[in-house]
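Heads up, the thing below is written out as structure tokens.
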Protein chains: 2
Amino acid sequence: MRVPMPRSAATLHDVAREAGVSLATASRALNGSTRRVNDAYRARVLAAAEKLDYRPNFSAQAVARGATSTVALLVADIADPYFSSIASGVVRSAEAANLVVTMAVTDRDNDRELALVRVIRGQRPRVLILAGSRFTGADDHALEAELRGFTESGGRVVLISQHELPFDTVALANREGARALAERLVELGYRRFAAIAGAAALRTSDDRVDGFCDGLRAAGLDLPDDRVVRAPFTRDGGYEAGRELLARGVDDIELVFAVNDVMAIGAMSAFRDAGVRLPEDLAVAGYDDISTARDVTPPLTTVRVPLVEVGECAMRLALREPDEGGDRTETVASEVVVRESTPPRR
Amino acid sequence: MRVPMPRSAATLHDVAREAGVSLATASRALNGSTRRVNDAYRARVLAAAEKLDYRPNFSAQAVARGATSTVALLVADIADPYFSSIASGVVRSAEAANLVVTMAVTDRDNDRELALVRVIRGQRPRVLILAGSRFTGADDHALEAELRGFTESGGRVVLISQHELPFDTVALANREGARALAERLVELGYRRFAAIAGAAALRTSDDRVDGFCDGLRAAGLDLPDDRVVRAPFTRDGGYEAGRELLARGVDDIELVFAVNDVMAIGAMSAFRDAGVRLPEDLAVAGYDDISTARDVTPPLTTVRVPLVEVGECAMRLALREPDEGGDRTETVASEVVVRESTPPRR
DNA sequence: TTGTACGCGTTATCAC
DNA sequence: GTGATAACGCGTACAA
């Protein structure tokens, strides 16, 4: 008994020969769109494919068809629950549409992001999804040109949470959400606030801080500049900002608003490490409602952003026929979730 | 001034024509390995490519070269910090090696996993990484055959945390880690334990429970069967198991060991919701040391698994020349991390 | 319905 | 060094 030694994968050619039909017939039987092939032949081709363990070569199909079936996803940090939740939604939707998703990580570096987009264009993905907000006023021109080149050659671009670029985008209503949160906290009796924000000019961060201020202003309150601490948009950034806040003195602060949950949770750890009792000594609120928000102690008040749905929404936008009239922006609803980290005051 | 309307991307052909050289020369100048091309021509080609906004078509390159430069990553759930951390390491290493990583999600479904591997083979990835443990004794034959077919046609397979299949694997030393944890907890004065595990026959879960029992046995203690609650391998599974444990009564239990951190954290929430004080009334320990383990209250005692490194290690294994003598398994070190969730007893 | 032949964008093997 | 030209694996007019 001879053991077959298929040092390289079977091709459509092999299948056709094995089945005794032409290449074209084999192609139609296996991957053809309109099923116009004799059942007898069809069966023989399928049997041959099975026997030879044939798998269509996606690259070759892409070349022949002139189009791939991949969607490229660009995130700042896949280990961050914010992005991994979005990725989860993207992957789920993509797989449902028989699309493969490729992933790249910017590490929150604009130059790196641009370089990645340049390279990714070589993949010729059907759609390119950029998650994670960028800096306002940065040299977006280069990125925009690159993305424009991509769409002009038939690709679809979807931005998540960065409506400053002229492409389809899934917007997060950051300003409105933060405003609603502030109003709710005022209702609960809070009057004196501090905030933990990301780097200045980081769009998402700015929007959330601004929205929060809007809400306070509506109640005749405000958030002094020296009550806003800036730090990296990460858990460790939040921890660091928490310590900074403590150093500045928090005696007259009732509540700290962090512009995202990972920072809020980092800050909570800093507070706890310093012996601050939560929420008795200090209340904390975040933004995003990542899944661990309810597992910290006290459970974190936040603004719920349906992150998985955001990813799904991005795919939906990408798969829909492009409108004639320019770019569309789909805004996902957010909702204030009050938990024990912000108990009613007095 | 006429506005160019490049309805489709520029090809190497276009570049060659624009530069006034042959296709071959253009190819060599742009993507050739051995640089044996006149500098003058080279410059003209590069200029033409720049002008035409040319990007090499990866699919076409793959067909011509007979090999892609992608690595396929299969995870159970990308939103789970365990997997997203591993993914982070994989992506980082892959990008350093100029490889694109594609991602697929099994949702912890063996059939789905098999189906995905079948499809993924069509991508002809250079390497296929399977993360997430499977069930022992399951019909691994089909999967093994599929993976075997992949390696036989030149692909590399790396398994993470599932050494039951004959391929290169990154092992986690689960048994040893859990044993060390148990020993440490006994040192701290704990004597009566319960455990929260995943489904029976789930390899990682079993190994960790077994290892934990080993550690207890070494001290003359044991973990009765009725003290082991099984639930889905997720945060909600942990919450559910926590409630189940409470329903069974925890009066004579001092410490609950959950086989992973997400379950431990879910259980902690269940305990807290039921008014159980942690760690005064009950101590808890987990496994993995995901980043939120230090942010819950009390901070969670656990076994540190360098997840990002695990991903990097998988890539390293995949990129290294295959040994003659069969499969290699690289075991990553783990380390017990004692935090406040398990204070010294008495 | 089936087969032939060409094209997809790129690399690689030759001669020159 | 450079340029035709044949691959690579597949889809698809077109003709049969």
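Throughout, protein chains are lettered first and strands after them, A, B, ... in sequence-line order, and every chain is numbered starting at 1. Only a predicted model underlies this, so the values are computations on that prediction, with no experimental measurement involved.
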Could you check whether A:T11 gets within reach of a base, just the sugar-phosphate, or nothing at all, counting any heavy atom under 4.0 Å?
->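 Since only primed, P, OP1 and OP2 atoms lie under 4.0 Å of A:T11, the category is sugar-phosphate.
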Counting any heavy atom closer than 4.0 Å, what does A:F58 reach on the DNA or RNA strands: base, sugar-phosphate only, or nothing?
->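 No contact.
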From [atom1] of [X] over to [atom2] of [N], roughly how many Å is that when rounded to an integer?
{"X": "B:D14", "N": "C:dC8", "atom1": "CG", "atom2": "P", "result": "11 Å"}
{"X": "A:R65", "N": "C:dC6", "atom1": "CZ", "atom2": "C1'", "result": "18 Å"}
{"X": "A:R17", "N": "C:dG3", "atom1": "CZ", "atom2": "P", "result": "15 Å"}
{"X": "B:L52", "N": "C:dG9", "atom1": "CG", "atom2": "P", "result": "13 Å"}
{"X": "A:Q61", "N": "D:dG9", "atom1": "CD", "atom2": "P", "result": "13 Å"}
{"X": "A:L30", "N": "D:dG11", "atom1": "CG", "atom2": "P", "result": "9 Å"}
{"X": "B:R55", "N": "C:dT10", "atom1": "CZ", "atom2": "C1'", "result": "17 Å"}
{"X": "B:L23", "N": "D:dA4", "atom1": "CG", "atom2": "P", "result": "10 Å"}

With a cut-off of less than 4.0 Å, is there a side-chain N or O of [X] near OP1 or OP2 of [N]?
{"X": "A:S27", "N": "D:dC10", "result": "no"}
{"X": "B:N31", "N": "C:dT10", "result": "no"}
{"X": "B:T25", "N": "D:dT2", "result": "no"}

Taking for each residue the nucleotide of DNA chain D bearing the nearest heavy atom, is the 5' side occupied by B:G66 or by B:N38?
->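 Closest to the 5' end, via its nearest nucleotide, is B:N38.
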Hey, which sits more toward the 5' end of DNA chain D by its nearest nucleotide, B:S22 or A:H13?
->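 Here B:S22 is the residue nearer the 5' end.
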Is it true that B:D14 and B:R17 make a salt bridge, defined as a side-chain N closer than 4.0 Å to a carboxylate O?
->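 Result for this pair is yes, salt bridge flagged.
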Working to the nearest 0.5 Å, report the span between [atom1] of [X] and [atom2] of [Y].
{"X": "A:I160", "Y": "A:L317", "atom1": "CD1", "atom2": "CG", "result": "9.5 Å"}
{"X": "A:R124", "Y": "A:F150", "atom1": "CZ", "atom2": "CZ", "result": "9.5 Å"}
{"X": "A:D107", "Y": "B:R92", "atom1": "CG", "atom2": "CZ", "result": "5.5 Å"}

[X], nearest nucleotide to its side chain (from [options]):
{"X": "A:V21", "options": "C:dT2, C:dG3, D:dG9", "result": "C:dG3"}
{"X": "A:Y41", "options": "C:dT11, D:dG11, C:dG3", "result": "C:dG3"}
{"X": "B:Y54", "options": "C:dT10, C:dC8, C:dA12", "result": "C:dT10"}
{"X": "A:N57", "options": "D:dC10, D:dG11, D:dA4", "result": "D:dC10"}

Pair A:S85, A:S88: side-chain N/O donor-acceptor within cut-off below 3.5 Å =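 Side-chain D/A pair, A:S85 to A:S88: absent.
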Donor-acceptor under 3.5 Å (A:D140 side chain, A:L143 main chain) =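 No.
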So which pairs with a foot in residues 45-62 of chain B pass salt bridge (charged side-chain N to carboxylate O under 4.0 Å, His left out), sequence neighbours left out?
->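 Applying salt bridge (charged side-chain N to carboxylate O under 4.0 Å, His left out) to every pair that reaches into residues 45-62 of chain B, excluding sequence neighbours, yields A:R121-B:D53, A:E146-B:R55, B:E18-B:K51, B:D53-B:R55.
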Counting only distance, no hydrogens or angles, is the base of C:dG3 paired donor-acceptor with the side chain of A:R28 under 3.5 Å?
->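 Side chain to base: pair present.
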Derivation of the side-chain hydrogen bond (donor to acceptor under 3.5 Å, both in side chains) call for A:Q123 and A:T102 | CA-CA 9 Å; A:Q123 298 180 218; A:T102 70; 3.2 Å; yes
Intra- and inter-strand pairs of DNA chain C in dot-bracket (Watson-Crick or G-U wobble, both distances under 3.5 Å; | for another strand) = ||||||||||||||||
